[in-house]
Amino acid sequence: MSNKRKGLAALAAGVTAVLATGLVLTAPAGAAASPTAAFTQEATWGSGYQGKYTITAGSSALTSWKLEFDLPAGSKPGSYWDATLTSSGDHHTFSSREYNGSVAAGASTSFGFLVNGTGLPSNCKLNGQPCAGGGQTTTTTTTTTTTSTTTTTTTDNPPTGSIKSAPYVDITMPTPSLESVARATGQKVFTLAFALADSSGCNPAWGGTIPLNDSRIINDVKALKALGGDVIVATGGAAGPYLEYTCSTADALVGAYKKVLDAVGSNHLDVDVEASIPHDLVNTALKKLQTERGTAISYTMRVQGDDYGMDPYSVQILQNAAAKGLTVLVNPMTMEFGSSRADWGDAVIAAAEASLRQMKQIWPGKSDAELKRLLGVTPMIGRNFNGKIFTQAHANKLVSWANSNRIGLLGFWSVGRDNGSCPGGGISPTCSSIAQSQYEFTNIFKGFTA
């Protein structure tokens, strides 16, 4: 389906927390001249939690940083962002990326991570010195839920960091820039479409033609990250050549994925399937990537109908992923599908609910809340190729539904179309073809916060 790139990503996991704990490490008085690192436990669930370290330079600037700590046996890092990770047994070392290693005197930067298990970091060191500059003081606050013989109150914060809405951007186009949209709207997470195989074969390039180190793209991503933003890398899409069917082995595909993720400092991958792929090979590669790096992975899938859900081939891919133990966010493309409903916003929501029913068959052991946290929804804003129009009212309705159901993520195709420069016109990659204000859909989707 040309001119509609969709997406999401971000990993969502089981969420059945009955305890929320915040732990902050602070430097003692008199250690202001030394750099410090403070740990915060941002969310918890039954089998793990989401953590964050904030690194603050002392009286001298940092040119790079390395933070290391131990986790108890049975606890280990999963997904992480804004750092690189190496582990040796229970000892884990996070190092600065190329875009956040330089920290001015008195300024701060941060990185985040998930932990599978409940053990908290200990023996923290920043550039070889104690994280609190020579001894740590600990402040802990605990909120415990109430339970009874019939009900249990839980929290279900998804382990997805700050990612809630991640609209697609055709990164092969020079405008709009990520930085400009972020400054205009406050939206700071985008899905970059698309990383494809270049003419040499199993080698990723933007759109299959633009080198990964293209200065315009890399500088734009750096500027976005400097504002506190992040990116998801999308492969596949409406046009090839796909990395997924160009790379002939799982190891080669893993190498290609790592190359494009490292180029923009991301640990979030979206595989957009609009053509057949060797899905057993692809899922083998994705499982290896996720095991090695804790990468958050989403599958963006075609929808057949609003009452049917995703097409049978998409379901087959997800069944194979489930069999391999791969954790994925499922992102149905709620566009260009069949519907008899008069209201296209209702049809989009119905397609998402039908996809949830399919997911229940694929992952029967997961609760309804868990499955919703593994669901993304991505419509095409404005005029669709099937003649339907996704309006601002439909967007508000979808955001309300997403907040009420606490799904994993929202996206849309695309930010480049999020303007009203061609109302009443034909479908265009650079406008929505309806009357709207600049970035109106971006601002509406930003209201998804559950």
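- Between Y257 and the choices K288, R293, E244, the side-chain hydrogen bond (donor to acceptor under 3.5 Å, both in side chains) rule is met once, by E244.
- Once rounded to the nearest 0.5 Å, the distance linking CG of L192 with CD1 of I232 reads 8.5 Å.
- Judged by distance alone, with hydrogens and angles left aside, the side-chain atoms of R406 form no donor-acceptor pair with the main-chain N or O of R373 at under 3.5 Å.
- Atom NZ of K258 sits in a crowded spot, with more than 12 heavy atoms from other residues, nucleotides or ligands closer than 6.0 Å.
- Taking the ring centroids of W401 and F448, they lie at or beyond the 6.0 Å cut-off.
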Report the C-alpha separation of Y439 and N419 in whole Å, then their side-chain angles, then the decisive distance to 0.1 Å, and conclude whether the side chain to side chain contact (heavy atoms under 4.5 Å, CB included) test is met. CA-CA 6 Å; Y439 304 135; N419 65 82; over 6 Å; no
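- Checking N443 against T185 by side-chain atom types alone, no donor-acceptor pair falls below 3.5 Å.
- Of the possible polar contacts, one joining the N403 side chain to the A450 backbone as a donor-acceptor pair under 3.5 Å is found.
- Closest approach of G101 and S96 over heavy atoms only: CA-CB, 3.5 Å.
- Side-chain contact between D346 and K397: present, with at least one pair of heavy atoms (C-beta onward) separated by less than 4.5 Å.
- Rounding to the nearest 0.5 Å places CG of L329 at 6.0 Å from OG of S298.
- Atom NZ of K52 has 12 or fewer neighbouring heavy atoms from other residues, nucleotides or ligands inside a 6.0 Å radius.
- For the pair T291 and L289, the minimum side-chain heavy-atom distance is 4.5 Å or more.
- For the pairing with T300, the side-chain hydrogen bond (donor to acceptor under 3.5 Å, both in side chains) check across D270, D272, T235 returns one residue only, D270.
- Residues R357 and D368 are not paired through a salt bridge, judged by the lack of any N-O separation under 4.0 Å between the basic side chain and the carboxylate.
- With N283 contributing its side chain and I317 its backbone, the two residues share a donor-acceptor pair below 3.5 Å.
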Could you give me the CA-CA distance, side-chain angles and deciding distance for F94 and T84, then say whether side chain to side chain contact (heavy atoms under 4.5 Å, CB included) is met? CA-CA 5 Å; F94 290 86; T84 60; over 6 Å; no
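- In terms of modelled atom types and a separation under 3.5 Å, the side chain of Q316 and the main chain of Y313 share no donor-acceptor contact.
- Side-chain contact between M359 and L374: present, with at least one pair of heavy atoms (C-beta onward) separated by less than 4.5 Å.
- A 4.5 Å side-chain heavy-atom check between P77 and L85 finds at least one atom pair inside the cut-off.
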Does the side chain to side chain contact (heavy atoms under 4.5 Å, CB included) test come out yes or no for Y242 and V282, once each step is laid out? CA-CA 11 Å; Y242 281 21; V282 173; over 6 Å; no
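- A side-chain donor from one of T56 and S108 sits under 3.5 Å from a side-chain acceptor of the other.
- For W65 and Y53, the gap between ring centers reaches or exceeds 6.0 Å.
- Classification of R302 and D311 as a salt-bridged pair holds, one side-chain N sitting under 4.0 Å from a carboxylate O.
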Determine, stepwise, if the pair E336 / K388 fulfils salt bridge (Lys or Arg N to Asp or Glu O under 4.0 Å). CA-CA 8 Å; E336 315 306 339; K388 303 295 185 179; over 6 Å; no
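- With respect to D230 and K188, no salt bridge is recorded, no charged nitrogen being found less than 4.0 Å from a carboxylate O.
- Taking the six-membered ring for Trp and thresholds of 30 and 60 degrees, F445 and F390 have ring planes inclined between 30 and 60 degrees apart.
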Working for side chain to side chain contact (heavy atoms under 4.5 Å, CB included), residues W344 and N384: CA-CA 10 Å; W344 187 239; N384 283 223; 4.1 Å; yes
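- Separation of the H92 and F113 ring centroids does not fall under the 6.0 Å cut-off.
- Atom CG of residue L227 and atom CZ of residue R183 lie 4.5 Å apart, to the nearest 0.5 angstrom.
- Side chain of D418 to backbone of T442: a donor-acceptor contact under 3.5 angstrom is found.
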